[in-house]
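So the structure is just underneath, and the comments pick up after that.
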Amino acid sequence: MNYKGYWCLQLHAHLPYVRHPEYPDFLEEDWLYEAITETYLPLLSVFEKFVEDGIDFRITMTITPSLANMLSDNLLQSRYYERLNKQIELSEKELSRTQNSIDFKPVAQMYYDHFQDCKRLWNKYNGNILNGFKKLQFLGKIEIITCCATHGFLPLMNNEKAQKAQISVACKDYERHFGVSPKGIWLAECAYYPGIDKILKGENLKYFFLDSQGILYAKPRPKYGVFAPIYCESGVAAFSRDMETASQVWSAETGYPGDFAYREFYRDLGYDCDYEYIKPYLHLDGIRRNIGIKYHKITGKVALSDKQPYFPQHARDKAAEHAGNFLFNRTKQVEYLSELMDRPPIVVSMYDAELFGHWWFEGPDFINFLFRKMQYDQNIIKPITPSEYLNKFPVNQIVSPAASSWGDKGYYEVWLNEANDYIYRHLHKASDRMSELANKFADVGGILKRALNQSARELLLAQSSDWAFIMTTGTMVEYAKKEQKIIWKILQNCIHK
């Protein structure tokens, strides 16, 4: 069948590396556990069901090295499983507590079923769900790409060796987890400046992703804008974000996730229930927090106390409706673009994976309905991965992309401002010192080699863009600053020794 165009869904799965064996439980580790239950397992479940039902889907998915290492860590796996079992225990109690409630019985049943499905899938892979995604890649249904080793913001590194280390370490780590070399890479925060592509070329990476600004302000300006890949002078290809699909799904105000029928993220059973009832499911400090069971819908611009009961079937119906609307818009978009181009256009939709399920609870349902409708309800647009598109259309325009990121205003301001600028002088000095030591002691062994390797690991962790981002947004700032201080202390001790 001759399609008029293609659609590339790129999901960027990433979390900062958080692992604290020195504590029996640790609040920030919840970031991982919530994402596993609400995003990674639900998506894996949807993808496996596609395979069972013969749905010919394609998804490109970053699994960053920091996330891959947390997902494959035995301690974090055991802690997650313990948490999941406690959620199942609570959901069983909730079935009893809400059995006579017309409003809350359906959603209590939904959570019980959801947690049970998570446990089924978790046990299927013996706690290492990376193997599930690896299997789907082997089947040719998803294409897993890598990212900078610790999500380091490359344009703000003044040492090229540090930039190369972020890329080379990432590629080696990918091979360790997935058994093959990565074809593509997601530059942390989609941050690019001219010349980074040469480093990617050195690691045999074939493509990366750019924000639309990187393409639209390229020199010369690409003939087909963001609807066809370009080649940098190095020969590495770049795919760029389509802003129409971004706003349709990202925006909480005008996009699908803000619909009043969808689940309200900010009202949680951890605050709604009697304290003694909910206390066994909180952290050891006993402070009320979100526990991942939420019984209310967005409702509208009303106070949390005025949110109305959430009805899962209504929300699923709305997700199906939105999937149909998204597909309709893509077919019209592709029909129009195909008349202007000498090849089928590619529409690239780029999102944080955690949007689907964690922030937008119905996101996995949306993806489920979308790919099924795409296969059976139209013949205009076909899902594709970047590698497949480059194989079909290997001849593309050569341009020099512009410096850009997918942060606010399209440049680097989110990661370099008055809230976080002080960290970079330390990062630059540490990078230069690490380079000196690596050259000076290139052939050492024993305790000195261990100290140098530990120094390199700590430097990589310090370079993560997550810390600067947290400082800008004002969420969990104290944790970010504390982690930076601990990393600096270890790094300094290693370097001095």
Side-chain angles (χ1 to χ4, degrees), residues 30 33-46 49 80 83-122 249 252 255-282 288-323 354-370:
D30 285 0
Y33 309 145
E34 290 169 355
I36 292 173
T37 297
E38 297 177 344
T39 294
Y40 309 142
L41 285 174
L43 287 178
L44 182 57
S45 180
V46 168
K49 190 63 174 174
Y80 169 74
R83 173 192 170 97
L84 178 60
N85 282 324
K86 292 193 75 172
Q87 287 182 307
I88 291 173
E89 177 186 300
L90 177 57
S91 68
E92 289 174 338
K93 291 183 179 179
E94 284 297 286
L95 286 177
S96 176
R97 190 178 72 89
T98 62
Q99 62 181 334
N100 296 320
S101 171
I102 297 174
D103 289 337
F104 297 125
K105 183 178 179 180
V107 66
Q109 184 68 54
M110 180 205 73
Y111 278 112
Y112 175 78
D113 295 341
H114 171 67
F115 294 143
Q116 289 287 3
D117 192 56
C118 286
K119 185 172 183 177
R120 174 194 63 79
L121 202 53
W122 184 262
V249 175
Y256 304 134
D259 190 276
F260 294 169
Y262 288 146
R263 190 190 74 165
E264 170 60 56
F265 177 83
Y266 292 101
R267 184 163 177 181
D268 189 278
L269 209 60
Y271 295 92
D272 282 350
C273 273
D274 176 76
Y275 179 71
E276 292 303 321
Y277 175 79
I278 209 69
K279 184 179 179 181
Y281 307 98
L282 301 173
R288 284 186 181 269
R289 294 186 176 93
N290 288 352
I291 59 173
I293 296 179
K294 308 168 195 292
Y295 283 173
H296 296 80
K297 62 182 179 180
I298 293 174
T299 307
K301 293 183 180 298
V302 299
L304 283 180
S305 59
D306 294 328
K307 300 291 183 178
Q308 297 300 305
Y310 173 78
F311 291 97
Q313 188 58 52
H314 296 174
R316 281 193 289 270
D317 292 343
K318 186 61 68 172
E321 178 186 325
H322 285 153
E354 293 75 22
L355 170 66
F356 295 87
H358 178 60
W359 297 106
W360 180 20
F361 185 70
E362 299 78 12
D365 288 329
F366 172 85
I367 289 177
N368 179 36
F369 291 125
L370 179 56

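Taking CD of Gln116 as the reference point, atom CD1 of Ile88 lies at 4.5 Å (rounded to 0.5 Å). Residue Asp365 holds its CG atom at 13.0 Å from NE2 of His322, rounded to the nearest 0.5 Å. Here the CD1 atom belonging to Ile291 is positioned 10.5 Å from the OH atom belonging to Tyr271, to the nearest 0.5 angstrom. Taking CG from Leu44 and CH2 from Trp122, the interatomic distance works out to 11.0 Å, rounded to the nearest 0.5 Å. Between the SG atom of Cys273 and the CZ atom of Arg97 there is a distance of 4.0 Å, given to the nearest 0.5 Å. One finds the CD1 atom of Ile36 at 12.5 Å from the NE2 atom of His358 (value rounded to the nearest 0.5 Å).
When atom types are taken as modelled, the side chain of Ser91 and the backbone of Tyr111 share no donor-acceptor pair closer than 3.5 angstrom. A donor-acceptor pair under 3.5 Å is formed between the side chain of Lys307 and the backbone N or O of Gly300. At least one donor-acceptor pair closer than 3.5 Å links the side chain of Asp268 to the backbone N or O of Gly292. At distances below 3.5 Å, not a single donor-acceptor pair connects side-chain atoms of Gln87 with backbone N or O atoms of Ile293. Side chain of Gln308 to main chain of Asp306: a donor-acceptor pair is present (N/O by atom type, distance under 3.5 Å, no hydrogens or angles).
For Lys297 and Phe311, the positive end is not near the middle of the six-membered ring at less than 6.0 Å and at most 45° from its axis.
Across every non-hydrogen atom of Pro309 and Phe104, the tightest pair is CB-CE2, 3.8 Å. The minimum heavy-atom distance linking Ala108 with Thr98 is given by the pair CB-OG1, 3.3 Å. Across all non-hydrogen atoms, the minimal contact from Ala319 to Phe369 is C-CD1, 3.9 Å. Of all heavy-atom pairs spanning Asp117 and Ser45, the tightest one is OD2-OG, 3.3 Å. Nearest heavy-atom pair, Pro106 versus Ser101, reported as atom, atom and distance to 0.1 Å: CD-O, 4.3 Å. Residue Ala261 comes nearest to Ala315 through the heavy atom pair O-CB, 3.8 Å, listed as atom of the first residue, atom of the second, then distance.
The closest side-chain heavy-atom distance from Glu362 to Asp259 is not below 4.5 Å. Inter-residue side-chain proximity for Tyr295 and Asp272 is flagged as unmet; no heavy-atom pair is nearer than 4.5 Å. With contacts defined as side-chain heavy-atom distances shorter than 4.5 Å, the pair His296/Leu304 does not qualify. Using a 4.5 Å cut-off on side-chain heavy atoms (C-beta onward), Asn290 and Tyr266 make no contact. Put simply, the side chain of Leu90 reaches to within 4.5 Å of the side chain of Tyr277, judged on heavy atoms. Within the 4.5 Å cutoff, side-chain heavy atoms of Asp30 are placed close to those of Arg83. Between Pro42 and His114, the closest side-chain pair of non-hydrogen atoms falls below 4.5 Å. Lys119 is listed as a side-chain neighbour of Asn85, based on a closest heavy-atom distance under 4.5 Å.
A side-chain donor from one of Glu89 and Tyr281 sits under 3.5 Å from a side-chain acceptor of the other. Checking Tyr40 against Glu354 by side-chain atom types alone, a donor-acceptor pair falls below 3.5 Å.
More than 12 heavy atoms of other shown residues, nucleotides or ligands fall within 6.0 angstrom of atom NZ in Lys86.
Using cut-offs of 30° and 60° on the angle between ring planes, the pair Phe366 and Tyr256 is tilted.
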CA sep, side-chain torsions, deciding dist, call: Tyr262, Phe361, side chain to side chain contact (heavy atoms under 4.5 Å, CB included): CA-CA 8 Å; Tyr262 288 146; Phe361 185 70; over 6 Å; no
Give the C-alpha distance, both sets of side-chain angles, the deciding distance and a yes or no for side chain to side chain contact (heavy atoms under 4.5 Å, CB included) between Thr37 and Tyr80. CA-CA 9 Å; Thr37 297; Tyr80 169 74; 2.8 Å; yes
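Comment: Glu321 engages Lys318 in a salt bridge, judged by a side-chain N to carboxylate O separation of less than 4.0 angstrom.
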